[in-house]
Every structure is written in structure tokens, then in C-alpha cells.
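Note sheet for the following structure.
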Amino acid sequence: MSNETIKRITSKSLIRMKESGEKITMLTAYDFATAKYVDEAGIDSILVGDSLGMTMLGYDDTVKVTMEEMAVFTKAVSRGVKRAMIIADMPFLSFQISKEQTLMNAGKLVQSGANAVKIEGGSDFIIEQVNALTEAGISVVAHLGFTPQFINTIGGYYVQGKSYENTIKMSETAKKLEKAGACALVLEMVSEESAKYISENLTIPTIGIGAGKYCDGQVLVIDDVIGRFWGNIPKFAKQYANIKDIIKNAVSQYAQEVKKSIFPSAEHTFKLSTEEKKKFDYINK
Ligand code: KIV
């Protein structure tokens with residue numbers, strides 16, 4: 001397919017997909033090559049999630065991820081993607097301090113190639129930031145339910161909105177985020193019933209991760225999907241391949257072949273022309 005024929009998925013496309021009942025597919029990606037393959041496989045949206053703190057940088061949570069790190073990975077992803085809408089996570093402390101800082105930091109991610117930024121939380125302050133960003137021309141994806149950047153106040157990886165009352169409260173917050181300009185809402189670790197209620201009461205699409213099948217789309221962490229993650233895989237993720245074992249097998253075969261001088265063989269070796277080789281034969285006589 002030539003570049004001209006590839007149409008970029010936008011925030012408007014996501015809303016149209018919700019209206020027509022077409023499910024939205026989203027996966028995380030953090031590097032150039034993976035983003036390219038995810039895009040070529042036809043995924044609608046790529047999230048440069050701050051989960052890269054764990055998957056790419058080996059941190060134990062997302063709180064340690066910085067703006068500089070997010071910008072580097074966003075640039076790499078954007079160079080590999082032609083069709084998918086790229087969403088970059090605003091990392092911890094990049095949007096909690098002031099409107100000015102929020103705008104500056106979101107702007108940096110957009111200049112790094114993101115088509116939208118994602119912000120966790122639903123306090124009045126966050127709703128104001130969503131409004132300010134949208135007014136400045138930056139598309140925002142909101143994120144409710146379990147919000148990993150709040151791990152230290154939540155105290156663990158717990159399902160959120162587990163009662164009728166909590167669901168209604170979350171739905172009200174979601175509506176405020178929509179009114180403030182959010183173009184989509186990620187719902188993480190929310191009961192299926194709650195996610196269904198919230199999705200049905202919004203115009204913007206919900207993208208679920210551990211939120212059941214009634215969301216307008218689904219997102220997973222690519223490392224869980226392809227079996228590359230080094231830690232525990234959460235209950236809600238499904239593994240479709242085992243890249244970890246493929247990597248380990250290839251690497252140990254390579255190492256064995258080097259040890260036994262099997263690699264490099266003739267097909268991986270450069271040779272002199274017969275004429276040049278003859279000169280060596282003459283010298284060695
Ligand atoms: O950082 C991330 O990967 C995310 C998803 C879990 C939605 O925010």
C-alpha cells in the first residue's frame with residue numbers, strides 16, 4: 001500500500017466507530033519495530049503507555065517514568081506508524097502541578113508524534129486540565145477505574161467501582177470528562193456491569209482493559225499479548241504468542257553454534273576473488 005492511500009485513524013474515527021458499533025482495537029507499543037508491526041497488522045490505535053516503565057525500563061511501577069522517557073519512546077513509535085492513532089501517556093507529575101505545565105508537557109508529547117495524550121484520574125483538577133488541553137487543540141483520552149499512577153494511594157491492584165453507588169459516581173465523572181473534551185475513556189479493572197453502564201451513558205468510546213466485553217474497544221499491553229513480559233501476567237490479559245521462549249531458544253542456538261564454530265558458515269562469510277586469493281597462495285609458498 002502506498003503512503004497516500006493510508007488514512008490515519010483520528011479521535012473522530014473512534015467516535016464514528018462507536019456510533020456504527022465497530023469495536024476499537026488498541027495495543028501498547030514502545031519501540032519503532034514493534035509499533036510498525038502492530039500498525040501493519042491493522043490495530044486502530046497504539047498507546048505509548050507509561051507501562052513502558054515496567055516493560056522497557058524494568059521499573060516496578062509506572063510512577064518512576066519521566067517526561068523525557070515518554071518523549072523518547074513516543075518519537076520511536078511515531079516513526080514506525082502510518083495508520084494507527086498514537087496516544088501517549090502523560091506520566092506521573094506531568095499534569096498534576098499547573099495548567100501551564102500540563103500544556104507544555106502534553107505539547108512535548110504531541111511534538112514527539114502523539115495524536116493524543118492520555119491522563120489518569122477524574123478529580124475536578126484533572127477535569128480542568130482536560131478542558132485546557134482540548135481548548136489548546138490537544139486530543140485527550142481519559143482513564144478511570146484502576147489508575148496505576150495512584151498505586152501508592154490505592155494500595156494495590158484492586159478492581160474499582162465494585163458497587164452500584166460507585167458505578168454511578170464513576171459514570172458521573174466520565175460524563176464530566178466527556179463534557180471537558182475527552183475523546184475516549186480507558187476503563188481499567190472495572191466490573192463488566194459497571195463498564196457496560198458507563199459505556200452506554202457516554203457518546204465517546206470506552207476502551208476497556210479488564211473491564212469486560214461491553215466496552216467500545218479493548219486495549220492490552222503488547223508484552224502480555226506476545227508473551228514478552230518478565231513479571232506476572234494479569235487475569236484480564238490473554239497471551240497469544242510466546243516470544244520470550246522464541247528469543248531464548250534463538251539466542252541459545254546462536255551461542256552453541258558460535259562455541260562449536262558452526263556459525264559463521266560459508267553462506268554468512270565474505271570471500272576474496274580467486275585472483276586476490278592466489279596472491280596469498282603465492283606468499284604462503
Ligand atoms: O500504560 C499503559 O499501558 C496503560 C494501559 C494499561 C491502559 O495505561
Side-chain angles (χ1 to χ4, degrees), residues 8-14 26-36 38-39 43-59 61-144 147-151 177 180-186 188 204 207 219 221-222:
R8 177 76 75 164
I9 303 275
T10 64
S11 53
K12 293 278 172 291
S13 324
L14 299 188
M26 187 185 289
L27 271 180
T28 68
Y30 318 101
D31 65 283
F32 172 83
T34 310
K36 184 171 161 60
V38 168
D39 190 44
I43 285 288
D44 299 316
S45 177
I46 292 182
L47 173 65
V48 188
D50 58 1
S51 49
L52 66 82
M54 282 93 101
T55 57
M56 295 286 109
L57 298 171
Y59 299 153
D61 57 39
T62 59
V63 175
K64 299 175 182 67
V65 177
T66 65
M67 262 306 296
E68 289 66 31
E69 288 163 345
M70 285 309 303
V72 167
F73 287 103
T74 303
K75 281 181 194 166
V77 165
S78 75
R79 286 192 283 263
V81 174
K82 292 194 169 76
R83 176 182 173 271
M85 174 175 170
I86 301 171
I87 300 163
D89 252 332
M90 295 280 286
F92 182 61
L93 280 196
S94 69
F95 58 94
Q96 287 91 341
I97 295 168
S98 68
K99 194 156 93 180
E100 290 70 23
Q101 273 200 0
T102 305
L103 285 169
M104 278 297 294
N105 286 327
K108 275 185 200 155
L109 293 178
V110 170
Q111 286 177 331
S112 302
N115 306 118
V117 296
K118 177 164 79 60
I119 289 192
E120 291 184 14
S123 66
D124 288 347
F125 181 79
I126 300 294
I127 292 165
E128 277 171 33
Q129 307 309 296
V130 172
N131 189 41
L133 288 169
T134 313
E135 282 192 356
I138 297 175
S139 286
V140 185
V141 174
H143 184 156
L144 293 176
T147 44
Q149 290 176 19
F150 291 74
I151 185 72
L177 286 162
C183 68
L185 170 69
V186 167
E188 182 165 355
I204 57 169
I207 314 291
V219 58
V221 169
I222 183 81

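Heavy-atom basis, side chains included; hydrogens, waters and symmetry copies ignored. Here the structure is a predicted model, which means the values were calculated and not measured.
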Would you give me the side-chain donor-acceptor pairs under 3.5 Å for residues 48-56, sequence neighbours excluded?
residue : atom : partner : partner atom : Å
D50     : OD2  : Q149    : NE2          : 2.7
S51     : OG   : Y30     : OH           : 2.7
T55     : OG1  : S51     : O            : 3.2

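- Looking at K99 and N131, their side chains never come closer than 4.5 Å, going by heavy atoms from C-beta outward.
- Taken from OG1 in T147 to CD1 in I119, the straight-line distance is 12.5 Å, to the nearest 0.5 Å.
- Looking only at distances, a side-chain donor or acceptor of E69 sits under 3.5 Å from a matching main-chain atom of T66.
- Not counting sequence neighbours, the partners of T10 by the side-chain hydrogen bond (donor to acceptor under 3.5 Å, both in side chains) test are S13.
- Taking CD1 from I87 and SG from C183, the interatomic distance works out to 6.5 Å, rounded to the nearest 0.5 Å.
- A 4.5 Å side-chain heavy-atom check between E188 and P148 finds at least one atom pair inside the cut-off.
- I127 approaches A180 most closely through the heavy-atom pair O-CB, 3.6 Å.
- Under the 4.5 Å side-chain criterion, counting only non-hydrogen atoms from C-beta, L27 is not in contact with V219.
- Here the straight-line distance linking atom NZ of K108 with atom NZ of K75 works out to 10.0 Å at 0.5 Å rounding.
- Going from atom CE of M104 over to atom OG of S98 covers 10.5 Å, rounded to the nearest 0.5 Å.
- Here CZ of R79 is found 13.5 Å from NZ of K36. Values are rounded to the nearest 0.5 Å.
- L177 CG to I126 CD1: the interatomic distance, rounded to the nearest 0.5 Å, is 9.0 Å.
- S45 places a side-chain N or O within donor-acceptor distance of the main-chain N or O of M85, the cut-off being under 3.5 Å.
- For the residue pair A182 and V130, the shortest heavy atom distance occurs at N-CG1, 3.7 Å.
- Counting only heavy atoms from C-beta outward, the side chains of L103 and L133 approach each other to under 4.5 Å.
- A distance-only check finds no donor-acceptor pair linking the side chain of D44 to the backbone of M26 [under 3.5 Å].
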Take F92 and T62 through the test side chain to side chain contact (heavy atoms under 4.5 Å, CB included) and record every step on the way to the result.
CA-CA 8 Å; F92 182 61; T62 59; over 6 Å; no

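- Closest approach of A29 and A35 over heavy atoms only: CB-CA, 3.9 Å.
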Does the pair I9 and R83 meet the rule for a side chain to side chain contact (heavy atoms under 4.5 Å, CB included), with working shown?
CA-CA 6 Å; I9 303 275; R83 176 182 173 271; 3.4 Å; yes

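- The side-chain heavy atoms of K64 and L57, taken from C-beta on, include no pair separated by under 4.5 Å.
- With T34 as reference, I222 is the one residue of D39, T28, I222, I46 to meet the side-chain contact (heavy atoms from CB on, under 4.5 Å) rule.
- Within the structure, every pair that satisfies the side chain to side chain donor-acceptor pair (under 3.5 Å) test and touches residues 118-130, not counting sequence neighbours, is listed here: D89-K118, T102-Q129, K118-H143.
- Q96 contributes a side-chain N or O that, together with a main-chain N or O of L93, makes up a donor-acceptor pair within less than 3.5 Å.
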Side chain to side chain contact (heavy atoms under 4.5 Å, CB included) assessment of L47 paired with I207
CA-CA 11 Å; L47 173 65; I207 314 291; over 6 Å; no

